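Notes follow the structure.
Note that the structure is predicted; figures quoted are calculated from it, not measured.
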Amino acid sequence: MAEDFTWRDGERLIRFGTGVAAEAPPLLEAHGFIGYVLLTGARGSDFAPGVHEAASAVIQVPPGRVDEISARVLEEAGERPLVALGGGRVVDTAKAIAGARGGSPAALPTTLSGAEMTPFHRTPAGVPGARMVRPALVVADPALMASQPVPQLTASAMNALAHAMEALYTPLANPVTDMAALHAAELIAAGVPRDPPGHEELALGGLLAGYASGATGIAVHHAVCQTIVRTAGTPHAETNAVMLPHLARFMAGRAPAAMGSFAAALGDPEGDPAAAAGRVAKLAARSGRTRLSALGVAESQLPEIGAAAAAHPLLANTPDPPDEQELTRLLHEAL
């Protein structure tokens with residue numbers, strides 16, 4: 001597989017292909033990203049040296065919540081253009097800052113989070129009137145996007161796979177996003193088991209899953225996972241990897257047509273909705289984390305998580321939205 005393309009989607013440009021990180025400096029300049037502030041994470045210094053050299057300032061995005069981080073660095077970023085080189089937290093922080101002060105950032109993703117393709121993010125704490133934005137320029141290089149060690153890469157891939165799954169059954173699902181989501185699932189299912197993993201398959205799968213999710217929104221899976229992360233402090237990608245088989249099983253009866261298509265994309269010859277969970281579980285196992293308890297979640301926290309997840313506004317995007325009792329039972333099964 002060798003994909004190399006330029007995709008114009010509304011106001012944004014997506015450049016995808018192995019080695020395109022080297023094209024980032026002239027692309028950034030051509031799109032008005034001059035004298036920009038570079039937001040990056042712990043691994044960002046390993047990639048795209050030309051992007052670092054052209055920056056007027058570099059901000060290291062620390063661990064933590066995007067709403068709090070973006071509020072802290074808002075003043076330091078000022079009014080200069082923003083470029084994000086990193087994973088979902090870094091990209092979402094750039095989006096949050098841009099949404100508070102105007103404009104849109106550029107993004108060079110280093111994980112499969114899909115944040116570069118969506119308008120979803122927290123807004124800076126204490127800053128009224130901030131809007132949701134998505135990057136105006138995306139430079140998606142598989143060498144960066146699939147650069148994590150195998151366990152973390154697999155967990156990130158499961159987050160992307162969850163985006164693909166949920167895009168199939170939200171109220172805004174449509175034939176275009178269905179095609180993107182199902183092809184994303186095929187690519188991820190092909191890329192994860194390889195040794196070494198298929199970087200191009202995973203990167204393109206993550207990009208397409210992010211596109212589908214950005215257009216259709218998210219539902220019960222992400223409502224539950226976001227609540228676990230915020231309540232128990234678990235890592236985002238690994239939480240998605242643990243929960244995805246359980247949510248795939250949970251949705252088989254609620255959205256059988258969508259989950260049957262999803263199962264077929266994952267390789268089930270019958271397209272059996274009930275087969276999706278097992279297919280996902282085999283992929284997710286490569287992350288090395290299969291239980292919430294392994295992420296530090298305690299049984300005593302489950303009632304609080306279940307109650308908060310049941311109140312999550314995105315739960316309404318789920319066919320036959322579950323209640324608190326069902327969600328708490330689901331969490332116990334995943335513990």
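- The closest donor-acceptor contact from the side chain of Thr6 to the backbone of Arg15 lies at 3.5 Å or more, if one exists at all.
- Taken to the nearest 0.5 Å, the CG atom of Leu247 stands 5.5 Å off from the CG atom of Leu330.
- Considering all non-hydrogen atoms of both residues, Met251 and Pro319 come closest at CE-CD, 3.8 Å.
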(message) Under the criterion side chain to side chain contact (heavy atoms under 4.5 Å, CB included), I'd like the reasoning laid out for Val83 against Val37: C-alpha separation, chi angles, the key distance, then a yes or no.
(response) CA-CA 6 Å; Val83 176; Val37 174; over 6 Å; no
For residues 270-284, tabulate all N or O donor-acceptor pairs below 3.5 Å that involve a side-chain atom, not counting sequence neighbours.
residue, atom, partner, partner atom, Å
Asp272, OD1, Ala274, N, 3.0
Arg279, NH1, Gly267, O, 3.4
Arg279, NH2, Gly267, O, 3.3

(request) List the steps and the verdict of side chain to side chain contact (heavy atoms under 4.5 Å, CB included) for Val192 and Met158. (result) CA-CA 9 Å; Val192 167; Met158 293 305 98; 4.1 Å; yes
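- Within the structure, side chain to side chain donor-acceptor pair (under 3.5 Å) pairs that include any residue of residues 180-190 comprise His183-Glu186 (at least two apart or interchain).
- At least one donor-acceptor pair under 3.5 Å links the side chain of Ser56 to the backbone N or O of Gly35.
- Distance alone, capped at 3.5 Å, is enough to place a donor-acceptor pair between the Ser156 side chain and the Leu112 backbone.
- Note that CG of Leu39 and CG of Leu108 are 12.5 Å apart. Values are rounded to the nearest 0.5 Å.
- For residues 217-248, the set of pairs meeting the ring pair (Phe, Tyr, Trp, His ring centres under 6.0 Å) definition, not counting sequence neighbours, comprises His163-His222.
- Here the closest heavy-atom approach between residue Val91 and residue Gly86 is recorded as CG2-O, 3.9 Å.
- The hydrophobic cluster containing Ile305 does not contain Val229, counting ILVMFWY residues as joined when their side-chain heavy atoms lie under 4.5 angstrom apart, directly or transitively.
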(request) Begin with the C-alpha distance, continue with both residues' side-chain angles, and end with the deciding distance and a verdict on side chain to side chain contact (heavy atoms under 4.5 Å, CB included) for Ile59 and Leu38. (result) CA-CA 6 Å; Ile59 296 176; Leu38 178 65; over 6 Å; no
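- With sequence neighbours excluded, no residue forms a salt bridge (Lys or Arg N to Asp or Glu O under 4.0 Å) with Asp178.
- Contact of the Val297 side chain with the Leu302 side chain is registered, since non-hydrogen atoms from C-beta on lie closer than 4.5 Å.
- Side-chain contact between Leu331 and Val224 is present, with heavy atoms from C-beta onward closer than 4.5 Å.
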If you look only at distance, which donor and acceptor atoms sit under 3.5 Å apart when one is on a side chain in residues 132-144 and the other is two or more places apart or in another chain?
residue, atom, partner, partner atom, Å
Arg134, NE, Glu11, OE2, 2.8
Arg134, NH2, Asp9, O, 3.4
Arg134, NH2, Glu11, OE1, 3.0
Asp141, OD1, Gly19, N, 3.2
Asp141, OD1, Ala143, N, 2.9
Asp141, OD2, Gly19, N, 3.0
Asp141, OD2, Val20, N, 3.1
Asp141, OD2, Ala21, N, 3.0

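- Contact annotation: the side chain of Tyr36 never approaches that of Arg80 to less than 4.5 Å [non-hydrogen atoms, C-beta and beyond].
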(request) Run the numbers on Asn159 and Leu244 for side chain to side chain contact (heavy atoms under 4.5 Å, CB included), then give the verdict. (result) CA-CA 8 Å; Asn159 182 32; Leu244 187 56; over 6 Å; no
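- For residues 92-112, every residue pair satisfying the salt bridge (Lys or Arg N to Asp or Glu O under 4.0 Å) rule, not counting sequence neighbours, is listed here: Asp92-Lys95.
- Glu324 CD to Leu315 CG: the interatomic distance, rounded to the nearest 0.5 Å, is 11.5 Å.
- At a threshold of 4.5 Å between non-hydrogen side-chain atoms, the residues Leu85 and Val90 do not count as touching.
- Residue pairs that meet the salt bridge (Lys or Arg N to Asp or Glu O under 4.0 Å) test with at least one member in residues 33-45, sequence neighbours left out, do not exist here.
- No side-chain heavy atom of Val61 sits under 4.5 Å from any side-chain heavy atom of Thr40.
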Compile the donor-acceptor pairs under 3.5 Å between side chains in residues 202-220 and protein atoms, sequence neighbours left out, one pair per line.
residue, atom, partner, partner atom, Å
Thr216, OG1, Ala212, O, 2.8

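- Pairs engaging residues 326-335 under the side chain to side chain donor-acceptor pair (under 3.5 Å) rule: Arg254-Glu326 [sequence neighbours left out].
- Among residues at least two apart or in separate chains, salt bridge (Lys or Arg N to Asp or Glu O under 4.0 Å) pairs with a member in residues 58-73 are Arg65-Asp67, Arg65-Glu68, Asp67-Arg230.
- Summarising the geometry of Val176 relative to Asn174, their closest heavy-atom pair is N-OD1, 3.0 Å, with the distance given to 0.1 Å.
- Heavy-atom minimum distance, Leu266 versus Ala185: CD2-O, 3.9 Å.
- Scanning both residues, Thr154 and Ser287, for their nearest heavy atoms gives CG2-N, 3.5 Å.
- Checked by atom type, the side-chain pair Ser70/Thr93 shows no donor-acceptor distance below 3.5 Å.
- In plain terms, the two heavy atoms of Pro235 and Leu295 that are nearest each other are CG-CD2, 4.4 Å.
- For Glu304, there are no salt bridge (Lys or Arg N to Asp or Glu O under 4.0 Å) partners, not counting sequence neighbours.
- Partners of Arg249 by salt bridge (Lys or Arg N to Asp or Glu O under 4.0 Å), not counting sequence neighbours: none found.
- With contacts defined as side-chain heavy-atom distances shorter than 4.5 Å, the pair Phe47/Thr110 qualifies.
- Under the 4.5 Å side-chain criterion, counting only non-hydrogen atoms from C-beta, His199 is not in contact with Met145.
- Atom CD of Glu29 has 12 or fewer neighbouring heavy atoms from other residues, nucleotides or ligands inside a 6.0 Å radius.
- For the pair Ser113/Arg89, no side-chain contact is recorded, criterion being any heavy-atom separation below 4.5 Å from C-beta on.
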